[in-house]
Each structure stands twice: as C-alpha cells, then as structure tokens.
*Asks:* 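Sharing a structure here in structure tokens format.
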Amino acid sequence: MTDVLAVTDHRRGELRDVSYEIITAGRQLADETGGDLHLAVVSGTVDDFAEKVNREGVDAIHTVDYGEEFNHDVYTQAITQLYDDLAPQYVLAPNSVNGLDYAPAVATELDLPIVTDTIGLETDGDTLIATREMYGGKVETTNELEGPAVATIRSAEWPQAEGTGDASIETFDATIDEDAIGSTVNGFEEVGGGDVDISEADVLVSVGRGIEEEDNLPLIEELADALGATVSSSRPIVDNGWLPKNRQVGQSGKVVTPDVYIAIGISGAVQHVAGMKGSDTIVAINTDPNAPIMDIADYAIVDDLFDVVPALTEEFQ
Amino acid sequence: MKILVTVKEVATVEDEFEIEGTAIAEQYLGADLNEWDDYAIEEAVQLQEEGVADEVVTVTIGPEECEQTIRQALAKGADRAVRVWDDSLEDVDLLDVGAKTEILSAVVEEEDPDLVLTGVQSGDDSWGATGVSVAENLGYQWGAVVNHLEHDLEDAASVRRELEGGVEELTEIELPAVLTIQTGINEPRYASLRGIRQAQRKELDVKALADLDVDESAIESELELSDMYEPESESDVTTWEGSAEETAGELAELLRDKGVAP
C-alpha cells in the first residue's frame, strides 16, 4: 500500500491553488496501490484551511496549529514528525518558493531521496517514476527511485481536486523546538506597482532575452505604440534593469490574461508560461522552432524578430 | 567573515539537437557558468569590496575541463577555488541532490565559512534543492530564493525572499547560513582583463573524495535517469511561413480580425 502525505500551501491567510492540485497528484499516487492520502495543514488558520481542502479523495487531514505564517523550521519539524507517525511511502510538497524552502530539508532530515519540480508521477508501490524537465524545458526525463521519497510537484500540472470530502480532521501535536528556529519572517511587501497595470491590458507586446540589448527596446515600444498595446516582458529584461518590475510576466511577476499576447524573443521558461498561458490568443515570434513557447502558442513566426517587428510596425503606421 | 560560493559549469543545448539514450549527443552541448551562480559570485564579491567579507572561496564539482568556468569566477574577484573530482564521478549519469549534498557538505565543513551562497538552481538539471539540503545536513540556517541581502551582516542576514506573484518576504536569518540566490539580486560584472590575468595565478585546489573523507558509496545516486525525450507539443500551433513582410502581414490581419489593432 502506498500511503501519501501531501503538504498544503498558503500565504497571508489564503490557500494557494497548488493545495488543491496536490490533492489530485497525491490521490492518483495513492490510488495506484490502494493507499491512503493524508494532508498536512501547517500554520495559519488551520481549521478553516482544513475545511477547505476536505475535498473528494482525501482520507485524513492533520493540522499543526503553530504560528501564523510559513516558517521553514516549523514546517520541517512538523512534517518530519508526521512522517514518523504515519510512515507514508511518499511525501509530496509543492514546488513553490516555500516548498523549495522546506522540502529539501525534510528529505535530508529523513534521509530520503528527493525529486523536485515533477510534472508526472507513477508508482507500483516500490518504484516511483517521476517525470521532469531538463535544460529549461527542452527535454523531458523519467527518473526512477526505489522506496520512500520526497517529491515536489510543479503548479498547474495536475487539475484541482473538487467535490466535498469526508476526511477525518485531526490535530497533530507536533513538538516544535523553538531553539531550532533560526529565521524569523518580519513581513511582506508587494513589489512593482507603478504607473501601468499589465494585468489589465487587452493586448500585450512582450519582450524577452531575444532583444539582446537595451538599445533595441525602442523597436518593441514603437510596435506597442502603433498597436495601442502595452509593453511587458519576461524575467531577464527586468533582471537587467531594462524595464521596471511591474512589467514582468510570470510566476514571480504578474499573471496576465489579455486577448492577445505577442511573445517576442521569449523562449517560454515554465516560470514565464505560468504567468501568461491564460491569454486568449498567444503569438510567438522566435528564431527557435523548438522553443518551449511554441508548445503553447496559437500562432508562430519562426524568424528573426529584428526583421519581423519593424515589418509589423509598418503595417499599422 | 568568510564566504563560500558554489559554482557550477552547466551544459547548454543548441536549438537543434539529438538525444542518444538518456543524454543529449555531445556535439550539441556547450558549457557555461550557471546563470544563478553568477549572481551568487557577484553578491559575495560585493560583500568583500565593502569590507564585510575577508575571503571569498568557490567550490565546484566537476572535471578538469570546467576550470575555465572556475577561472571566470576567480576573474570576477573570488580569492581561491576548490574543485572536487574523482574517477568514481566520471561515469555518473546524474548527480542527484543527495550526492551533491554529501560532497558539498564535506567542503563546507573543511572551509567553515560564515555564509554559503548558491544559485537558486542550475540551468541544466534544475533541482533547486541542494543549498537547503546542505544547510540542513550541517545544521546551518538557510533561506531559499533570496533576491535581496542587506550588506551590514553581523550575526544575522536580513534578506528578501522572492515569492510568487510579485510578493517579497522580509526575513531575518541567523548565521552561519546558506542562501540560495535568485537572478536580479545585483548586476553581475564582466571580468576585467586585469581580473582575467590575476585569475590565472590564483589558487585552484583539486580534491578527490578521499581527501574530503567522503565515502564513494555516499555519492551513489538514488535516482536512475531512465529515459530522455523531446516533449510532445500540446498545441496545434499555426506557423506562418514566408518573408518577414509576409508573416508580419498575416499577423497584422489576425490582429485586425480580432479587433485589437487599427
């Protein structure tokens, strides 16, 4: 029997979507051998969270009422103790920024192997077959692991669990050693802001690494002007300081859902795609026909942006 | 204060490539300094320039060929480098998080730094887990995905962790600690010609596993890479063909049809 312990994710009083996705991933793994799915809800308003994640397929929910917000030491201690108590075959955590701040520590503490950022999981009870990407999404790999393991799941790869469940909800009395807590969260800050809200735009002309130099940005701005569109970008453009943070589309930037998203010189790293795949129509302009952006684009021009963009601008001038 | 920076030479892949077994055929691969580690090096060198750090040491797991990449880090200002390699690592398909943790932990123990900086992830296999795993293994504190570090370090590091959706977490982390560094935390410098010349004379120490008291069995990967393939495209993308004028014309027509362009 393959029992699974899956950890939910929340921030500032709200459960994050991956909390419902991890139920689906965990249920599927547990189903493959008829095991149980346990959920861990650590910190925050645990009773309220437990009610919300009590969806179809969950067998038991364990709440650890300690502290308001995420603290990786509390999570590590609570989850390792839950593991010792429940002895599941697999621990699943989200591959979120916080998941990556405790899951490796849990694996190390329990002396278990870890496989991160998985997009597919299968088991026969002994062997875990995990699918993940390498080289920025250019290839997929399968990885086999024997015995118990920790796995983190990429967000939005599994559908969110629905329906109402009848899981048992139990308080887990984790013993939190306060002396072992070596970091303190002092607050949160929203970044970006500013004059333009790219999440409100109908048409986004979005620019990535392919633009090569800051001096080439006016090409993109001219196109946006001619179209009456808004300029956004992928992460490297903001990292380079060429555009302000409020223009960044992606996991660590803004989630956008325009009518048309024109991705210019953007390869389509998963973190970027997470922020724009909800766009109605996606157009990619890129020299690489195998770039990951092509997997989600509706229309593509495989050509040099320095030829195509001026030609497109001319169409509207 | 002493800072240890993990530096990885990552494999880069050409646009067009072929897969042989569970690896990309050699002729399509290049090598580069891991992008995230470049920011970690810069952060350490800045701390040294501000007089906070006395010494910046880099550590790399890799064969002799990656010394060029290590020299890049030295040229940017690191003081000396450690490279770990061994015949037993030669045939390993995939060095998993557990194996890297064993090797890097041994180096951290030997060097005894106050701060360890690693990139958030590597551009090739992107585990994103090794830094935190090393910290837990050694009883260091840690912070993952750090995009700002206050430079008045004493007993604690004041950092910002970059969460999803444009939110940053303000966190205080006791030292010694491992921080995984996110891109954008600073602007990595180019190595100057003078730096490149100096780098040739800096110490680059090569260590085998036995030198670090790491048992060969400890680095056996618990993960087996069983298959590698190109992902199937999920979309039925319409690719416009022709000259730039023709394809731009097709796109212009689409934008007009959708009523989003004049």
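Note that these values count all heavy atoms, side chains included, but never hydrogens, waters or copies made by symmetry. Quick note on labels: first sequence line is chain A, next is B, and so on, each numbered from 1.
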*Asks:* Is A/Ala105 in contact with chain B via its backbone, its side chain, both, or neither, using a 4.5 Å heavy-atom distance?
*Replies:* both
*Asks:* Which bit of A/Asn98 comes within less than 4.5 Å of chain B, counting heavy atoms only: side chain, backbone, both or neither?
*Replies:* both
*Asks:* Heavy-atom distances under 4.5 Å only: say whether B/Glu14 touches chain A with side chain, backbone, both or neither.
*Replies:* backbone
*Asks:* May I ask you to decide whether A/Lys138 forms a salt bridge with A/Glu133, counting only side-chain N to carboxylate O separations under 4.0 Å?
*Replies:* no
*Asks:* Check whether B/Glu35 gets within reach of chain A through its side chain, its backbone, both or neither, counting any heavy atom under 4.5 Å.
*Replies:* side chain
*Asks:* Chain B heavy atoms under 4.5 Å from A/Val283: which part of the residue, side chain, backbone, both or neither?
*Replies:* side chain
*Asks:* With the threshold set at 4.0 Å, does a side-chain nitrogen-carboxylate oxygen contact exist between A/Arg132 and A/Glu157?
*Replies:* no
*Asks:* Please identify, among A/Ile262, A/Asp117, A/Val302, A/Val115, the residue contributing the most non-hydrogen atom pairs under 4.5 Å to chain B.
*Replies:* A/Val115
*Asks:* Please flag which part of A/Thr152 lies under 4.5 Å from any non-hydrogen atom of chain B: side chain, backbone, both or neither.
*Replies:* neither
*Asks:* Could you state the interatomic distance from CG (A/Asp9) to CZ (A/Phe70), rounded to the nearest 0.5 Å?
*Replies:* 8.0 Å
*Asks:* Please step through side-chain hydrogen bond (donor to acceptor under 3.5 Å, both in side chains) for the pair A/Asp303 and B/Trp240, ending with a clear verdict.
*Replies:* CA-CA 10 Å; A/Asp303 202 348; B/Trp240 290 308; over 6 Å; no
*Asks:* Using heavy-atom distances under 4.5 Å, tell me whether A/Ala229 contacts chain B through its side chain, its backbone, both, or neither.
*Replies:* neither
*Asks:* Measuring heavy-atom distances to chain B, does A/Val203 have an atom under 4.5 Å in its side chain, in its backbone, in both, or in neither?
*Replies:* side chain
*Asks:* For chain A, which of B/Val260, B/Thr180, B/Leu163, B/Leu94 has the most heavy-atom pairs under 4.5 Å?
*Replies:* B/Leu163
*Asks:* Using a 4.5 angstrom heavy-atom cutoff, name the option from A/Ala274, A/Ala311, A/Gly187, A/Ser155 with the most pairs to chain B.
*Replies:* A/Gly187
*Asks:* Report the distance from atom CG of A/Asp298 to atom CG of B/Asp236, rounding to the nearest 0.5 Å.
*Replies:* 8.0 Å
*Asks:* State the CD1-NZ distance between B/Ile103 and B/Lys100, to the nearest 0.5 angstrom.
*Replies:* 9.5 Å
*Asks:* Would A/Thr108 and B/Glu136 count as a side-chain hydrogen bond (donor to acceptor under 3.5 Å, both in side chains) here? Give the steps.
*Replies:* CA-CA 7 Å; A/Thr108 305; B/Glu136 174 67 26; over 6 Å; no
*Asks:* For A/Thr131, is it the side chain, the backbone, both or neither that has a heavy atom under 4.5 Å from a heavy atom of chain B?
*Replies:* side chain
*Asks:* Under 4.5 Å from any heavy atom of chain B, what part of A/Pro236 do you find: side chain, backbone, both or neither?
*Replies:* neither
*Asks:* With a 4.0 Å cut-off, would you call B/Lys258 and A/Asp280 a salt bridge?
*Replies:* no
*Asks:* Under a 4.5 Å heavy-atom cutoff, which of A/Arg235, A/Glu109, A/Glu315, A/Gln251 has the most pairs with chain B?
*Replies:* A/Arg235
*Asks:* Go through the atoms of B/Ile185 and report whether side chain, backbone, both or neither lie under 4.5 Å from a heavy atom of chain A.
*Replies:* neither
*Asks:* Salt bridge check, A/Glu190 against A/Lys254: does any charged N sit closer than 4.0 Å to a carboxylate O?
*Replies:* no
*Asks:* Between B/Tyr28 and B/Phe17, does the ring centroid distance fall short of 6.0 Å?
*Replies:* no
*Asks:* Between B/Leu175, B/Val97, B/Asp125, B/Thr130, which shows the greatest number of heavy-atom pairs under 4.5 Å with chain A?
*Replies:* B/Asp125
*Asks:* Below 4.5 Å, heavy-atom pairs only: which of B/Glu230, B/Glu174, B/Glu168 has the largest tally toward chain A?
*Replies:* B/Glu168
*Asks:* Rounded at 0.5 Å granularity, tell me how far CD1 in B/Ile24 sits from OG1 in B/Thr12.
*Replies:* 9.5 Å
*Asks:* Checking A/Asp288 against chain B: side chain, backbone, both or neither under 4.5 Å from a heavy atom?
*Replies:* both
*Asks:* Between A/Val139, A/Asn290, A/Val309, who has the most heavy-atom pairs with chain B when the cutoff is under 4.5 Å?
*Replies:* A/Val139
*Asks:* Contact part of A/Val185 toward chain B, heavy-atom cut-off under 4.5 Å: side chain, backbone, both or neither?
*Replies:* both
*Asks:* Do the numbers put A/Arg247 on top of the ring of A/Trp242, so that NZ or CZ is under 6.0 Å from the six-membered ring centre and no more than 45° off the axis?
*Replies:* no
*Asks:* Do the charged groups of A/Glu69 and B/Arg161 touch, with an N to O distance under 4.0 Å?
*Replies:* no
*Asks:* Does any backbone or side-chain atom of A/Thr76 lie under 4.5 Å from a heavy atom of chain B? Answer side chain, backbone, both or neither.
*Replies:* side chain
*Asks:* Identify which part of A/Asp202 has an atom lying under 4.5 Å from any heavy atom of chain B, answering side chain, backbone, both or neither.
*Replies:* neither
*Asks:* For each of B/Ala177, B/Ser133, B/Ser122, B/Ala11, tally heavy-atom pairs with chain A at distances under 4.5 Å, and name the one with the top tally.
*Replies:* B/Ser133
*Asks:* Give a yes or no on this: more than 12 heavy atoms of other residues, nucleotides or ligands lie within 6.0 Å of atom CZ of A/Arg209.
*Replies:* no
*Asks:* Using non-hydrogen atoms only, which part of A/Ile285 is less than 4.5 Å away from chain B: side chain, backbone, both, or neither?
*Replies:* side chain
*Asks:* If you round to the nearest 0.5 Å, how far is CG of B/Leu223 from CD1 of A/Ile114?
*Replies:* 10.5 Å
*Asks:* Please round to the nearest 0.5 Å and tell me the distance separating atom CD1 of B/Ile181 and atom CG of B/Asp38.
*Replies:* 12.5 Å
*Asks:* Shorter than 4.5 Å, heavy atoms on both sides: which option in A/Thr313, A/Val308, A/Leu128, A/Asn71 has the most such pairs with chain B?
*Replies:* A/Val308
*Asks:* Among B/Glu250, B/Gln121, B/Glu246, B/Arg256, which has the most heavy-atom pairs under 4.5 Å with chain A?
*Replies:* B/Arg256
*Asks:* In terms of heavy-atom pairs under 4.5 Å with chain A, which of B/Asp15, B/Asn137, B/Val13 leads?
*Replies:* B/Asp15
*Asks:* Could you have a look at A/Glu146, A/Arg11, A/Arg16 and say which one has the most heavy-atom pairs with chain B under 4.5 angstrom?
*Replies:* A/Arg11
